[in-house]
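If you're wondering where the values come from, they're calculated on a predicted model, not measured in any experiment. Atoms within a ligand are numbered from 1 in the order they appear, just like the ligands themselves. Note: hydrogens, waters and symmetry copies are ignored here, and every other heavy atom, side chains too, is used.
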Amino acid sequence: MKKSICCIALALVMALSTVGLFTSCAKEKEKTLVMATNANFPPYEYKDGAAFAGIDVELAQAIADKLGMKLEIQDVEFGAIVAGVESGKYDIGMAGMTVTEDRKKQVSFSTTYATGVQVVIVKEGSAIQSPADITTSSKIGVQQDTTGDIHCSDDFGDDHVQRFNKGADAVAALVSGKLDCVVIDNEPAKSFVAANEGLKVLDTAYAVEDYAAAFAK
Ligand code: ARG
């Protein structure tokens, strides 16, 4: 893992440095690389006690190390990351973030470093056995402003989607019977299912996406 984090970090540094981002932010931010993330998305970013941990955190640390910069992590709402990167408040957004055409209008993306799959979590024994079984009468939970939110709002209408601040809160609502399913990225889905009894991830994917780091145009 260490080796692959380093290789990915090097590729990202090379991709990002072609646009001169880090030469300018190194001057302006006194060699601090400010990363915006939303740290409730294991294994990409989460809190381990008071410390930040996860794949994106390790990647950003490796990028900062390569650039000789100190890494500062800002844990913000997921929906605030793109706008904050766009306005220059943060140097880089890393949050298991899917490259989308809309986001590309606001920020630039690095080369992609992982595939993310939107999956459906249900209770064991649920009538929903594949994404095709979800209807407008299903109670669907998502993390606000994520691609799960965007896809489900497009497919079933805004009013049919319940938005939560954190994926874990959507999963808690599923466990307590307030939802029929949660649409979320596969890796956090696996950890939420492992942490809660009686849940499963459906075999059929909802959507397949690419993750990349976001930075100002
Ligand atoms: N991949 C999805 C998206 O880009 C979800 C990312 C959520 N990330 C997070 N750190 N909460 O919309």
Side-chain angles (χ1 to χ4, degrees), residues 5 8 12 34-48 51-61 63 71-86 89-121 131 140-156 158 161-174 181-195 201-202 205-215:
I5 290 274
I8 299 169
L12 292 177
V34 182
M35 166 203 190
T37 195
N38 173 252
N40 46 61
F41 195 73
Y44 281 91
E45 44 268 330
Y46 55 95
K47 292 297 276 293
D48 183 6
F52 292 103
I55 296 165
D56 285 333
V57 173
E58 286 183 40
L59 263 174
Q61 186 61 60
I63 291 170
L71 180 67
E72 178 187 319
I73 300 178
Q74 297 272 341
D75 187 14
V76 301
E77 284 191 5
F78 183 75
I81 298 174
V82 168
V85 169
E86 182 184 23
K89 191 168 176 192
Y90 316 117
D91 298 319
I92 187 167
M94 290 192 77
M97 185 174 292
T98 302
V99 179
T100 70
E101 290 308 313
D102 273 346
R103 290 174 184 165
K104 273 193 198 165
K105 291 178 194 154
Q106 289 178 268
V107 291
S108 291
F109 282 103
S110 68
T111 44
T112 61
Y113 62 87
T115 300
V117 182
Q118 294 301 311
V119 294
V120 184
I121 310 177
I140 310 162
V142 296
Q143 184 186 9
Q144 174 139 16
D145 296 321
T146 61
T147 46
D149 182 4
I150 296 163
H151 294 309
C152 292
S153 303
D154 284 351
D155 293 348
F156 302 103
D158 276 357
V161 179
Q162 296 185 41
R163 297 170 185 84
F164 295 80
N165 236 345
K166 302 177 186 172
D169 293 345
V171 172
L174 175 65
C181 63
V182 170
V183 176
I184 195 161
D185 303 51
N186 56 332
E187 291 301 332
K190 279 190 222 159
S191 41
F192 293 141
V193 166
V201 175
L202 298 184
Y206 197 105
V208 179
E209 311 176 329
D210 289 316
Y211 291 168
F215 53 100

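Between M97 and V82 there is a side-chain heavy-atom pair separated by less than 4.5 Å. Residues Y90 and V76 meet the side-chain proximity criterion, which asks for heavy atoms closer than 4.5 Å. At a threshold of 4.5 Å between non-hydrogen side-chain atoms, the residues T115 and V208 count as touching. Contact annotation: the side chain of V142 never approaches that of Q118 to less than 4.5 Å [non-hydrogen atoms, C-beta and beyond].
Near Y211, meaning under 4.0 Å from one of its heavy atoms, ligand 1 places the atoms 1 (N). Atom numbering of ligand 1 starts at 1 in the shown order; those under 4.0 Å from a heavy atom of T146 are 5 (C), 7 (C), 12 (O). Using a 4.0 Å cut-off to heavy atoms of N38, the atoms of ligand 1 that qualify are 9 (C), 10 (N), 11 (N). With ligand atoms numbered from 1 in the order given, ligand 1 contributes 7 (C), 11 (N) to contacts under 4.0 Å with heavy atoms of Q143. Against a heavy-atom cut-off of under 4.0 Å, D185 is close to the following atoms of ligand 1: 1 (N), 2 (C), 5 (C).
Under a 4.0 Å N-O distance rule, the pair R163/D158 qualifies as a salt bridge.
Backbone and side-chain nitrogen or oxygen atoms of T147 are examined, and one is located within less than 3.5 angstrom of a nitrogen or oxygen of ligand 1. Close N/O approach between A95 and ligand 1 is found [any backbone or side-chain N/O within under 3.5 Å].
Using a 4.0 Å heavy-atom cutoff, G96 is listed among the residues neighbouring ligand 1. Heavy atoms of T37 stay at 4.0 angstrom or farther from ligand 1.
Side chains of D185 and Y211: a donor on one and an acceptor on the other come within 3.5 Å. Side-chain atoms of N165 and Q143 form no donor-acceptor pair, as typed in the model, at a separation below 3.5 Å.
Summarising the local packing, CD of E77 is surrounded by 12 or fewer heavy atoms from other residues, nucleotides or ligands at distances under 6.0 Å.
Under 4.0 angstrom from ligand 1, the non-hydrogen atoms of R103 all belong to its side chain.
In this structure, atom 7 (C) of ligand 1 lies nearest to the protein heavy atom F41 CE1, 3.4 Å.
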